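One structure is given below, encoded as structure tokens.
If you're wondering where the values come from, they're calculated on a predicted model, not measured in any experiment.
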Amino acid sequence: MTVLSSADRVADNGEKKVKSSYFDLQSMEISVAFPQATPASKFPPCTSDYYHFDDLLTPEEQAVRKRVREFMEKEVAPIMTEYWEKAEFPFHIIPKFGALGVAGGSIKGYGCPGLSITANAIATAEISRVDASCGTFNLVHTSLGMLTIALCGSEAQKQKYLPDLAQMKTVTCWALTEPDNGSDGSALKTTATKVEGGWVLEGQKRWIGNSTFADLLVILARNTTTNQVNGFLVQKDAPGLTVTKIPNKIGLRIVQNGDILLQNVFVPDEERLPGVNSFQDTSKVLAVSRVMVAWQPIGISMGVYDMCHRYLKERKQFGAPLAAFQINQQTLVKMLGNVQAMFMMGWRLCKLYETGQMTPGQASLGKAWITSKARETASLGRELLGGNGVLGDYLVAKAFGDLEPIYTYEGTYDINTLVTGREVTGIASFKPPASRGRSRL
């Protein structure tokens with residue numbers, strides 16, 4: 001290596017001359033750089049349904065699975081790594097996404113598909129199998145924003161908003177979390193003050209998915225008269241509304257999470273959600289969304305297993321495919337077992353919900369346990385892929401990062417276990433006794 005003097009290192013314009021002639025060349029195509037294994041842009045076939053879970057589905061549910069799988073593999077798989085790396089959303093796929101007929105999920109009427117809870121869950125899994133960010137985009141839009149309007153909105157609000165939202169001609173978001181209140185969401189500080197003809201909203205929200213481009217924002221705020229939580233529909237670009245993107249995430253990078261600032265935002269009376277009169281009224285929305293969120297890591301784990309299964313059969317070392325080595329087979333089978341167990345817990349949650357038997361503790365246990373097993377599955381998959389396990393091109397690294405925010409949102413693992421713990425013991429343990437001034441017993 002030639003060592004340049006200080007003078008040789010500086011060009012006439014003062015810039016350093018340390019770059020090689022090929023320094024700024026475009027990266028080599030992954031299929032050329034590593035021809036021995038197929039990248040996730042050509043998505044692997046599904047090999048993760050080992051116990052024939054598909055047999056438990058109705059023909060309608062099977063059709064939803066097939067339709068969503070084909071769309072995701074054809075339209076999203078080829079572009080997802082590029083957009084994940086850029087942390088940008090592929091807006092051009094939204095019309096095709098809307099044409100899938102899954103936005104609105106189990107909502108009946110108003111142009112919504114009226115899917116069974118199981119079909120809705122299957123759609124969530126199939127979207128997330130290919131790309132978790134698209135899964136979150138649809139969950140926020142469907143199972144939080146649209147569902148709140150469907151369950152808590154007036155008839156006029158449903159007729160006005162749901163048809164376009166169901167076709168994704170417009171997009172919504174759902175704003176509960178604040179800088180000071182995450183797990184303790186019921187303590188939100190954003191206020192709603194009654195004025196002539198409407199309400200004035202003041203406050204700040206954080207981590208709100210879809211918020212930077214949502215046409216309609218569902219905002220939860222505290223009524224300054226009753227001190228109860230109310231819900232409001234806020235149009236994008238409303239005077240006093242500002243939304244900015246949260247940068248530098250390690251997971252769900254395609255999702256556009258935002259900081260929302262509400263400064264003297266006027267909301268007409270007709271845009272208040274009449275069915276949200278306390279924080280408890282959001283529980284019927286969160287019950288469905290928590291089930292759907294539990295299906296996200298199921299889908300992610302399916303994709304991770306499918307990718308690893310193909311990779312181990314294609315990649316060769318020591319003169320044999322990686323699939324021929326005992327320890328790799330053992331790891332792969334452990335992943336496969338996780339996926340089957342996650343399937344069955346998720347499916348049972350759906351059936352409990354559909355028969356009106358599901359409790360908050362059951363939903364919370366499902367979300368907590370499934371996400372923990374998904375993290376383990378992605379970690380094992382990362383090991384199996386070796387160096388390629390840190391490249392988004394082979395899905396597993398991307399899934400590894402995407403699972404971290406999913407493990408946290410819709411209730412952290414710890415909070416969800418405490419919900420279940422309260423249900424099975426009859427003792428609430430969310431706050432230490434000292435903070436409540438009395439024993440939790």
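- Under the 3.5 Å distance criterion, with hydrogens and angles disregarded, a donor-acceptor pair is assigned to the side chains of Glu178 and Thr190.
- Between the side chains of Thr148 and Trp174, at least one donor-acceptor pair of N or O atoms lies under 3.5 Å.
- Looking only at atom types and distance, the side chain of Thr47 has a donor-acceptor partner in the side chain of Asp306 under 3.5 Å away.
- Side chains of Trp84 and Asp402: a donor on one and an acceptor on the other come within 3.5 Å.
- Using a 3.5 Å distance cut-off with no hydrogens or angles, the side chains of Asp215 and Thr170 do not pair a donor with an acceptor.
- Ring centroids of Tyr83 and Phe89 are separated by 6.0 Å or more, keeping the two rings apart.
- Side-chain polar atoms of Glu314 and Thr38 form a donor-acceptor pair below 3.5 angstrom.
- Under the 30°/60° scheme for interplanar angles, the aromatic rings of Phe343 and Phe53 are found to lie parallel.
- Lys86 NZ: more than 12 foreign heavy atoms inside a 6.0 Å radius.
- Geometrically, Arg422 does not engage Phe430 in a cation-pi contact defined by less than 6.0 Å to the ring centre and at most 45° from the axis.
- Formation of a donor-acceptor pair under 3.5 Å by the Gln256 side chain with backbone atoms of Ile254 is found in this model.
- Donor-acceptor pairing under 3.5 Å is lacking for the side chains of Tyr409 and Glu404.
- In summary, the side chains of Ser278 and Gln280 do not present any donor paired with an acceptor at a separation below 3.5 Å, with no hydrogens or angles considered.
- Judged by distance alone, the side chains of Gln263 and Thr242 never bring a donor and an acceptor atom under 3.5 Å apart.
- Remark: the backbone N or O of Gly411 is paired with a side-chain donor or acceptor of Asn416 at under 3.5 angstrom.
- The two atoms that bring Ile117 and Glu354 nearest to each other are N-OE2, 3.3 Å, heavy atoms only.
- No side-chain N or O of Thr331 forms a donor-acceptor pair with one of Glu383 less than 3.5 Å apart.
- For the residue pair Asn257/Lys245, the side-chain donor-acceptor check at 3.5 Å is not satisfied.
- For the side-chain hydrogen bond (donor to acceptor under 3.5 Å, both in side chains) criterion with Lys194, the lone passing option out of Thr226, Asn230, Asp269 is Asp269.
- Minimum heavy-atom separation, Thr225 to Asn223: N-OD1, 2.8 Å.
- Looking only at atom types and distance, the side chain of Thr118 has a donor-acceptor partner in the side chain of Lys351 under 3.5 Å away.
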